[in-house]
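Note: hydrogens, waters and symmetry copies are ignored here, and every other heavy atom, side chains too, is used. Numbering of ligands and ligand atoms starts at 1, following listing order. Since this is a predicted model, take the numbers as computed values, not measurements.
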Amino acid sequence: MPQNTVENTPVTMLGLGAMGTALARTWLAAGHPLTVWNRTPARAASLAIEGAKVADSAAEAVAANTLIVLCLLDDTSVDEVLADTDLVDRDLVNLTTGNPAQARARAEWARARGARYLDGGIMAVPPMIGAPDTGGYVFYSGSRDLFERHQATLNVPAGATYVGADAGFAALHDVALLSAMYGMFAGAAHAFALIRKEDIDPAALAPLLADWLAAMAPAVHQTAAQLASGDYTEGVVSNLAMQVAGTPTFLSTAEQQGVSPELLSPYFELMRRRLAEGKGEESLTGVIDLLVH
Ligand code: NDP
């Protein structure tokens, strides 16, 4: 049996949007035979010049190779694209963004059609694809065998990180990280709003903010350790009681600066609720328990 190596595993790529094209290009550049298909054929033109084979239909593209990578807009477009394809004995790798339930349902759907299935969550924007130093990577979940068989190929566009046999876990990790990112963006938006009307250059605040956020980020390790032990007072430096006592300063400063507190208030409210439960000696970890129903 020929070995599947990074050099020779042929790939079929369905979906040549900004992300699909970036992914496809890295496999071509690494010497993988590549077959592509896109609903709007014109988007395949540049890849054809670079050496990709362009299929006339999704069914033809799926028939061409065992390893099929999808990068489409959403779960509905995956349904539409794969509707008339024969997936028996195919290795389906779906990099289309979706939620965990969609990924689990898609894994079942693929199994019922005779395919093996991996779901992926891309932690990168197109310029980070094929650029290992930029820190982009892709979460994978689903069949471990499939992941191991194609790991070298999947590593070509961006680092491949396997997070479990549950097909929904890649999407869950993806959304968890992006949710934390939005929290960070929300905090930064509030910070910029506070100085907006002052003679303070946002460009001077930006590096201070970036450094502060980076300095605070490792606190997530203590959170994880406390969640594991169940003791939310372990190693606490700034306890909840002290932090809640400080919240009026944040709210009055926002008022003085003419800034809405709407991004901060929900978090402060959770902190106050936890304090009201008599948990003043804890860190902020107890807020997590208030969020989980
Ligand atoms: P684009 O909008 O650039 O491309 C969307 C792709 O989906 C195109 O190939 C489009 O085909 C195809 N498509 C949409 N609807 C259908 C349909 N009904 N039937 C067939 N094909 C369809 O999006 P991206 O390439 O940027 O994103 C693709 C996936 O990657 C998304 O799930 C996105 O969330 C994810 N992703 C994107 C990131 C980014 O920064 N761009 C970052 C991380 C994940 P056509 O050309 O014919 O319109």
query: Can you tell me which residue and heavy atom of the protein come closest to atom 38 (C) of ligand 1, and the distance to 0.1 Å?
result: M19 CE, 3.5 Å
query: With backbone taken as N, CA, C and O and side chain as the heavy atoms from C-beta onward, which portion of L73 lies under 4.0 Å from ligand 1: side chain, backbone, both, or neither?
result: both
task: Answer with yes or no whether the side chains of T285 and Q226 bring together a donor and an acceptor at under 3.5 Å.
output: yes
task: Would you mind listing which atoms of ligand 1 come within a distance below 4.0 Å of any non-hydrogen atom of I122?
output: 43 (C), 44 (C)
- prompt: Nearest protein heavy-atom contact for atom 30 (O) of ligand 1: which residue, which atom, what distance?
  reply: C71 SG, 3.4 Å
query: Of all the atoms in ligand 1, which lie at a distance below 4.0 Å from a heavy atom belonging to L16?
result: 9 (O)
query: Does one hydrophobic cluster hold both Y140 and V156, with members joined at side-chain heavy-atom distances below 4.5 Å?
result: yes
task: Measure the distance from atom 3 (O) of ligand 1 to every protein heavy atom, then report the residue, atom name and distance (to 0.1 Å) of the closest one.
output: A18 N, 2.9 Å
query: Which residue holds the protein heavy atom closest to atom 47 (O) of ligand 1, what is that atom called, and what is the gap in Å?
result: T40 OG1, 2.5 Å
message: Whether E108 and R104 form a salt bridge (side-chain N of Lys/Arg under 4.0 Å from carboxylate O of Asp/Glu) is what I want to check.
response: no
Ligand-residue contact atoms, ligand 1 with R43, heavy atoms, under 4.0 Å: 3 (O), 8 (C), 45 (P), 46 (O), 48 (O)
query: Within a radius of less than 6.0 Å around CZ of R196, do more than 12 heavy atoms belonging to other residues, nucleotides or ligands occur?
result: no
- request: Report yes if G17 has an N/O atom closer than 3.5 Å to an N/O atom of ligand 1; otherwise report no.
  value: yes
query: Which bit of T76 gets closer than 4.0 Å to ligand 1, counting heavy atoms only: side chain, backbone, both or neither?
result: neither
message: With heavy-atom distances below 4.0 Å as the criterion, list the atoms of ligand 1 near G15.
response: 9 (O)
- prompt: What are the atoms of ligand 1, with element, lying closer than 4.0 Å to any heavy atom of T96?
  reply: 32 (O)
task: For atom 20 (C) of ligand 1, grab the closest protein heavy atom and report residue, atom and distance to one decimal in Å.
output: V81 CG2, 3.3 Å
query: Heavy-atom distance to atom 12 (C) of ligand 1: which of L72, D174, L95 wins?
result: L72
query: So which heavy atom in the protein is nearest atom 39 (C) of ligand 1, and how far is it from that ligand atom?
result: P126 CD, 3.6 Å
- request: Could you tell me whether some N/O pair between V125 and ligand 1 is separated by less than 3.5 angstrom?
  value: no
statement: Rounded to the nearest 0.5 Å, the CG atom of L284 sits from the CG atom of N239 at a distance of 9.5 Å
task: Answer with yes or no whether the side chains of N8 and H32 bring together a donor and an acceptor at under 3.5 Å.
output: no
statement: Looking only at non-hydrogen atoms, the one of T97, L23, N38 nearest atom 10 (C) of ligand 1 is N38
query: Applying a strict 4.0 Å limit to heavy atoms, is A124 in contact with ligand 1?
result: yes
query: Going by atom types alone, do D289 and Y232 pair a side-chain donor with an acceptor below 3.5 Å?
result: yes
message: Walk me through whether E148 and R144 qualify under salt bridge (Lys or Arg N to Asp or Glu O under 4.0 Å).
response: CA-CA 6 Å; E148 286 174 356; R144 179 182 283 278; 3.6 Å; yes
- prompt: Would you say the side-chain atoms of S229 pair up with the backbone N or O of D231, donor to acceptor, closer than 3.5 Å?
  reply: yes
field: Worked verdict on L47 versus M13 for side chain to side chain contact (heavy atoms under 4.5 Å, CB included)
entry: CA-CA 11 Å; L47 288 165; M13 181 79 220; over 6 Å; no
query: Got the closest protein heavy atom to atom 18 (N) of ligand 1, with its distance?
result: E80 OE1, 3.0 Å
- prompt: How far is atom 17 (C) of ligand 1 from its nearest protein heavy atom, and which residue and atom is that?
  reply: R39 NH1, 3.2 Å
Basic-acidic side-chain contact under 4.0 Å: R106, D79: yes
message: Salt bridge or not between R116 and D89? Use side-chain N to carboxylate O under 4.0 Å.
response: yes
